[in-house]
Protein chains: 2
Amino acid sequence: MTTDSFALEQFLPYRLNRAAEFVGLRFAAHYKAKYGMTRPEWRTLAALGSSGRMTSKAVGSHSSMHKTKVSRAVFALEQRRWLKRSQDDADRRVEHLELTAAGQQAYRELIELARRYQTELEAEFGESGIEALSNGLAAIEQVIRRSGKGKPSEPDDL
Amino acid sequence: MTTDSFALEQFLPYRLNRAAEFVGLRFAAHYKAKYGMTRPEWRTLAALGSSGRMTSKAVGSHSSMHKTKVSRAVFALEQRRWLKRSQDDADRRVEHLELTAAGQQAYRELIELARRYQTELEAEFGESGIEALSNGLAAIEQVIRRSGKGKPSEPDDL
DNA sequence: AAATAATGGTTACGTTTGCAACCATATCGT
DNA sequence: ACGATATGGTTGCAAACGTAACCATTATTT
């Protein structure tokens, strides 16, 4: 009989999603409260902060966000004067993005927040929990890497 | 110096979110293609299918969805004639939800799909990957359980 | 050197989301 | 018994999202 018991609680997509929401929303609350920033903005900031100068496209594939998300996040950060664009003079379609001084300052504060949060999580989940989780995630990430790039599966890239 | 390197790729909320999206979207694609169903609908169906009769509220906390999501999912499933409501006669605010025959049929097909997908995942991530992941998730789930209910952190419950 | 396709990035549009306000009923305090 | 408060559930609205269409520019084909 195939009808029988199916437990949502043991279904991996469900469990992952729930865990991700729990962990993610709590962190989002931190920086949302403090800087009124959205997740795409925070990710963009993080990408630029750590890698320095890069293009929108690069930000997208680095932090696996859809190009429209990136576009809007970049716009928002620009408004806030946390980043500035500059034209590539070889290829005029390309824009290079870079954090302003204020942006770098925000970045520093944000990653400090992130570090504290990660430490907090480590305490909550326990060393063994974290390690297991990390290994499990590594397995998925490997598959993601194989299974064509990041994740937004660019509607283009078919 | 606190400024230094922060790698988004090692930040847990980011990793979890990415993994969840990867695993979740792929599954969603399956049932979206086949039944034109959304995730809240699928979750509601799953909850009702496995537990039989329950209220919207119960569906919400069982599958950790916000009440509005549940409300809309229930409405959609009702339209499709996959579930029917019935008034509780002790408390007239309460509605009990139950799958129709068609709903149960759909449920059976869906969980079959889910099972196949889970198997597929197990193959992809490898036994050790799955086990690690499962342990890690368990650690988080434990914290979730403690840290007050499911996740939507009911705006009400403050 | 055109015509065609591809690429970086933005924009318009319909859908989905979360929040707050709301309705109806039920419970509690007094 | 009566007003305040709480609860299950729905709805209006504004923000966030993904898709597809689009603009400008660069590559490729012929």
Is any N or O donor-acceptor pair between the side chain of [X] and the base of [N] shorter than 3.5 Å?
X	N	result
B:R92	D:dG9	no
A:R93	C:dT7	yes
B:R85	D:dG8	no

Can you tell me which nucleotide in [options] comes closest to the side chain of [X]?
X	options	value
A:K69	D:dG18, D:dT10, C:dG9	D:dG18
A:S71	C:dT10, D:dC17, D:dT26	C:dT10
B:K57	D:dG18, D:dG9, C:dG9	D:dG9
B:R72	D:dT25, D:dC17, C:dC19	C:dC19
A:S56	C:dC13, C:dG9, D:dG9	C:dG9

Checklist entry - Is A:A90 touching bases, backbone alone, or none of the nucleic acid, heavy atoms closer than 4.0 Å? => result sugar-phosphate
Checklist entry - When we call it a touch if two heavy atoms are under 4.0 Å apart, what does B:T68 touch: a base, just sugar-phosphate, or nothing? => result base
Measure [atom1]/[X] against [atom2]/[N] and give the value in whole Å, please.
X	N	atom1	atom2	result
B:R39	C:dG18	CZ	C1'	15 Å
B:D88	C:dT27	CG	C1'	15 Å
A:H66	C:dT15	NE2	P	18 Å
A:Q87	D:dA24	CD	P	13 Å
A:F75	C:dA12	CZ	P	12 Å
B:K67	C:dA24	NZ	P	16 Å
B:M65	C:dC19	CE	C1'	17 Å
A:E95	C:dT7	CD	P	19 Å

Next on the checklist: Please tell me whether A:M54 and A:V94 are part of a single hydrophobic cluster in this structure, the criterion being side-chain heavy atoms less than 4.5 Å apart.
Outcome noted: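 A:M54 and A:V94: separate clusters.
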Item to check | Set of residues satisfying salt bridge (charged side-chain N to carboxylate O under 4.0 Å, His left out) with respect to A:E124, sequence neighbours excluded | outcome: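 Result, salt bridge (charged side-chain N to carboxylate O under 4.0 Å, His left out) vs A:E124: A:R26.
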Item to check | Salt bridge flag under 4.0 Å for residues B:E112 and B:R115 | outcome: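 Salt bridge: yes.
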Next on the checklist: Return whichever of A:P40 or A:D89 has its heavy-atom-nearest nucleotide of DNA chain D closer to the 5' end.
Outcome noted: A:P40
Next on the checklist: Using OP1 and OP2 only, check whether a side-chain N or O of B:T55 sits under 4.0 Å from D:dG9.
Outcome noted: yes
Next on the checklist: Can you see whether A:S134 engages B:R15 through a side-chain donor-acceptor pair at a distance of less than 3.5 angstrom?
Outcome noted: yes
Checklist entry - Hey, are A:Q105 and A:R108 close enough side-chain-wise for a donor-acceptor pair under 3.5 Å? => result yes
